[in-house]
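Worksheet: one structure, shown below.
Fair warning: this is a prediction, and the values are worked out from it, not measured in the lab.
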Amino acid sequence: MLEITRIRNEKEAIIEGLKKRNIDVTSTIDEILNFDSDWRSKKTEMEAIAAELNGLAKEIGDLFKQGKAVEANQAKEKTTDLKTQEAGLKSEVEGLEGQIQNLLYQIPNVPNELVKIGKSELDNETVYEAGTEPKFGFEPFPHWELTKKYDLIDFELGVKITGAGFPVYKGKGAKLQRALINFFLMEASQAGYEEYQVPHMVNEASGIGTGQLPDKEGQMYHSTIDDLYLIPTAEVPLTNIYRDVILPDSNFSIKMTGYTPCFRREAGSYGKDVRGLNRLHQFDKVEIVRIEHPDNSAGALEEMVEHVKGLLTKLGLQFRILRLCGGDTGFASAMTYDFEVYSAAQKKWLEVSSVSRFDTFQSNRLKLRFKGEDKKTQLCHTLNGSALALPRIVAALLENFQTENEIIIPEVLHPFTGFKSIS
RNA sequence: GGAGAGUUGGCAGAGUGGUCGAAUGCGGCGGUCUUGAAAACCGUUGUACCGCGAGGUACCGGGGGUUCGAAUCCCUCACUCUCCGCCA
């Protein structure tokens with residue numbers, strides 16, 4: 001959510017910036033500013049009446065104490081009218097606040113200056129490419145064939161137990177999952193991220209803090225009886241650790257990591273894109289989250305990109321990095337880099353990581369601040385990224401490292417898997 | 001699931017209708033003293049909004065009510081803790 005003060009002061013820059021997302025927020029912003037000036041004058045008026053009432057109340061108290069009951073009762077009568085006025089203004093003020101809030105929720109983050117205008121994924125810029133396409137002397141199998149052939153994942157069993165999109169990993173398939181999680185966590189720890197184990201369900205306040213609520217409610221599984229939500233990503237509980245926190249000085253850099261399963265309802269998906277591991281309702285992911293001083297968030301984003309790059313390089317996968325265009329950048333993000341690995345058998349790129357900076361968009365909702373040099377509180381910047389999401393990594397590993405009768409496991413994983421190949 | 005007790009500033013903990021944004025202690029910050037430190041002493045120390053400013057308003061778990069006036073009384077919701085039950 002953008003800060004109202006920023007909208008007051010930088011109206012034109014915000015409108016210009018958001019054009020990169022192919023949206024024109026001029027009318028929304030004008031509406032907000034109208035409500036806002038109305039709100040300010042009503043509020044000032046209301047507070048003046050409140051001040052008057054406070055003064056009267058004090059007077060009446062004094063009069064009673066002095067035993068001047070008659071005067072006190074006269075003063076009491078004066079309050080009746082003021083109280084009515086105050087109540088009327090209060091409901092107007094609250095109404096305006098609600099309307100402003102609703103409009104603010106509709107405005108996405110302003111893209112960073114590096115982000116190019118664009119409509120869809122077709123306009124994303126490729127900023128880095130590494131690795132080469134694997135060559136096979138045979139027609140490579142897609143991963144959903146390989147998982148069946150080597151008995152690694154049972155999709156039908158998941159359907160029986162839960163439903164589509166909840167695979168059952170078994171044997172070396174399960175061990176490969178565990179190995180990847182351990183490898184990713186180890187790498188994150190070595191890069192200075194503190195490891196956390198967090199709840200997999202969150203309350204409403206947390207959902208609002210990171211922006212899943214109120215708008216994207218339908219994307220999360222909701223346990224209505226307890227009013228708790230299954231997390232769609234570890235970003236939610238990890239970032240909410242710092243909800244309503246004021247850091248004591250401006251000298252901070254908070255780096256957190258955690259593994260969690262992620263639950264996504266993904267309503268409306270269908271077709272070959274959801275085949276096998278491509279899109280699931282439950283999947284595993286190691287997330288990295290950072291809270292930074294505004295001056296340092298640009299550098300932090302680059303570090304995170306380097307970290308993810310390192311993971312994919314160590315795994316030996318062919319990949320590319322895209323800087324998303326305005327239209328494809330997520331609602332809360334100011335700039336996002338997507339990492340895609342090449343799937344040799346499906347002959348397409350699979351998104352395995354998304355690294356974003358949110359600037360103050362999340363911290364404004366989270367009320368996550370720090371005390372600056374001048375002792376004033378300011379909003380922190382937040383960033384996060386997947387490092388990494390498992391399913392498509394598994395798909396790519398299986399497909400790209402298959403031979404005619406086995407699957408070769410990348411060397412960096414050997415200490416974690418305990419085996420070097422699957423056959 | 002049953003019974004009870006709570007929720008006050010960074011923490012601990014007073015406060016049951018006005019002088020309470022809130023005693024006191026601890027912690028933090030600044031200072032005096034000291035070669036330095038500790039101790040002692042003095043001062044200071046929440047957040048947000050409106051206003052150019054003076055200043056004003058709001059906040060004692062959330063919401064609502066009673067009252068001229070609520071941290072304090074009433075209603076309601078949430079959460080926490082203790083005991084019992086159940087349980088990995």
Can you sort out the partners of A/E351 under salt bridge (Lys or Arg N to Asp or Glu O under 4.0 Å), two or more places apart, ordered by chain and number?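 Once residues adjacent in sequence are excluded, A/E351 has no partner under the salt bridge (Lys or Arg N to Asp or Glu O under 4.0 Å) criterion.
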List in chain and number order the residues that pass salt bridge (Lys or Arg N to Asp or Glu O under 4.0 Å) with A/K170, two or more places apart in sequence or in another chain; answer none if no residue qualifies.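 Applying salt bridge (Lys or Arg N to Asp or Glu O under 4.0 Å) to A/K170 gives A/D151.
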Members of residues 237-253 of chain A that approach RNA chain B, where some heavy atom sits under 4.0 Å away: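 Of all residues in residues 237-253 of chain A, the ones placing a heavy atom under 4.0 Å from RNA chain B are A/I246.
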Determine the contact category for A/K367: base if any of its heavy atoms lies under 4.0 Å from a base atom, sugar-phosphate if only primed atoms, P, OP1 or OP2 are that close, otherwise nothing.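 The residue A/K367 makes no contact with any strand.
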How would you label the contact of A/K83 with the nucleic acid (heavy atoms, under 4.0 Å): base, sugar-phosphate, or nothing?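 Sugar-phosphate: the residue A/K83, judged by heavy atoms under 4.0 Å, touches backbone atoms but no base.
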Expected rows: protein N/O vs nucleotides 17-21 of chain B N/O, under 3.5 Å:
unit_1, atom_1, unit_2, atom_2, d
B/G18, N2, A/A57, O, 2.8

Using the [atom1] atoms only, state how far [M] lies from [N], rounded to an integer number of Å.
| N | M | atom1 | value |
| --- | --- | --- | --- |
| B/G25 | B/A40 | P | 12 Å |
| B/G21 | B/U8 | C1' | 11 Å |
| B/U35 | B/G53 | P | 47 Å |
| B/G4 | B/G13 | C1' | 23 Å |
| B/G65 | B/C60 | P | 15 Å |
| B/U24 | B/A14 | C1' | 7 Å |

Around atom NZ of A/K309, are there more than 12 heavy atoms of other residues, nucleotides or ligands at under 6.0 Å?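 Yes, NZ of A/K309 has more than 12 neighbouring heavy atoms, counting only those of other groups under 6.0 Å.
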Take atom NZ of A/K90 as the centre, draw a 6.0 Å sphere, and report whether it contains more than 12 heavy atoms from other residues, nucleotides or ligands.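 Atom NZ in A/K90 is not packed in, count stays at 12 or less.
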Sequence neighbours excluded, which residues qualify as side chain to side chain donor-acceptor pair (under 3.5 Å) partners of A/T329?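 Side chain to side chain donor-acceptor pair (under 3.5 Å) list for A/T329, sorted by chain: empty.
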Quick one: list whatever passes side chain to side chain donor-acceptor pair (under 3.5 Å) with A/S250, sequence neighbours left out.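 A/E373.
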Spacing of [X] atom [atom1] relative to [N] atom [atom2], expressed in whole Å:
| X | N | atom1 | atom2 | answer |
| --- | --- | --- | --- | --- |
| A/D226 | B/C77 | CG | P | 17 Å |
| A/K371 | B/U47 | NZ | C1' | 8 Å |
| A/L228 | B/C79 | CG | P | 9 Å |
| A/E77 | B/C68 | CD | C1' | 11 Å |

Residue pairs fulfilling salt bridge (charged side-chain N to carboxylate O under 4.0 Å, His left out) with at least one residue in residues 352-363 of chain A, sequence neighbours excluded: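 For residues 352-363 of chain A: A/R357-A/D359.
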Pairs touching residues 225-237 of chain A that satisfy salt bridge (charged side-chain N to carboxylate O under 4.0 Å, His left out), sequence neighbours left out: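 Checked against salt bridge (charged side-chain N to carboxylate O under 4.0 Å, His left out) - neighbours excluded - no pair reaches residues 225-237 of chain A.
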Looking at [X], I'd like to know whether one of its side-chain N or O atoms comes within less than 4.0 Å of OP1 or OP2 on [N].
| X | N | value |
| --- | --- | --- |
| A/T377 | B/A48 | yes |
| A/R369 | B/U47 | no |
| A/K376 | B/U47 | no |

Qualifying residues under ring pair (Phe, Tyr, Trp, His ring centres under 6.0 Å), relative to A/W39, sequence neighbours excluded: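 Expected list: none.
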Under the ring pair (Phe, Tyr, Trp, His ring centres under 6.0 Å) rule, collect the residues that match up with A/Y337, sequence neighbours excluded.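 With neighbours one apart ignored, the set is empty.
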Can a side-chain donor-acceptor contact be found between A/D338 and A/S354 if the only test is distance below 3.5 angstrom?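 Note: A/S354 and A/D338 side chains meet the donor-acceptor criterion.
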Under a 3.5 Å cutoff, is there a donor and acceptor pairing between the side chains of A/K285 and A/T260?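 No - no donor-acceptor pair under 3.5 Å links their side chains.
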Answer with yes or no after comparing the ring centroid distance for A/Y229 and A/Y221 against a 6.0 Å cut-off, counting only values under it.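 No, the ring centres sit 6.0 Å or more apart.
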Do A/F370 and A/H293 have ring centres separated by under 6.0 Å?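 Centroid distance A/F370-A/H293: below 6.0 Å, so yes.
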Scoring nucleotides 49-66 of chain B by protein non-hydrogen atoms under 4.0 Å (B base, S sugar-phosphate only, - none) yields SSS----BBS--------
Can you give the dot-bracket line for RNA chain B, using ( ) for pairs inside the strand, [ ] for pairs that cross earlier ones, | for pairs with another strand and . for unpaired bases, where Watson-Crick and G-U count if both distances are under 3.5 Å? ((((((((.[[[..)..(.....]]]((((((.......))))))(((((....))))).[[[[[..)....]]]]])))))))....
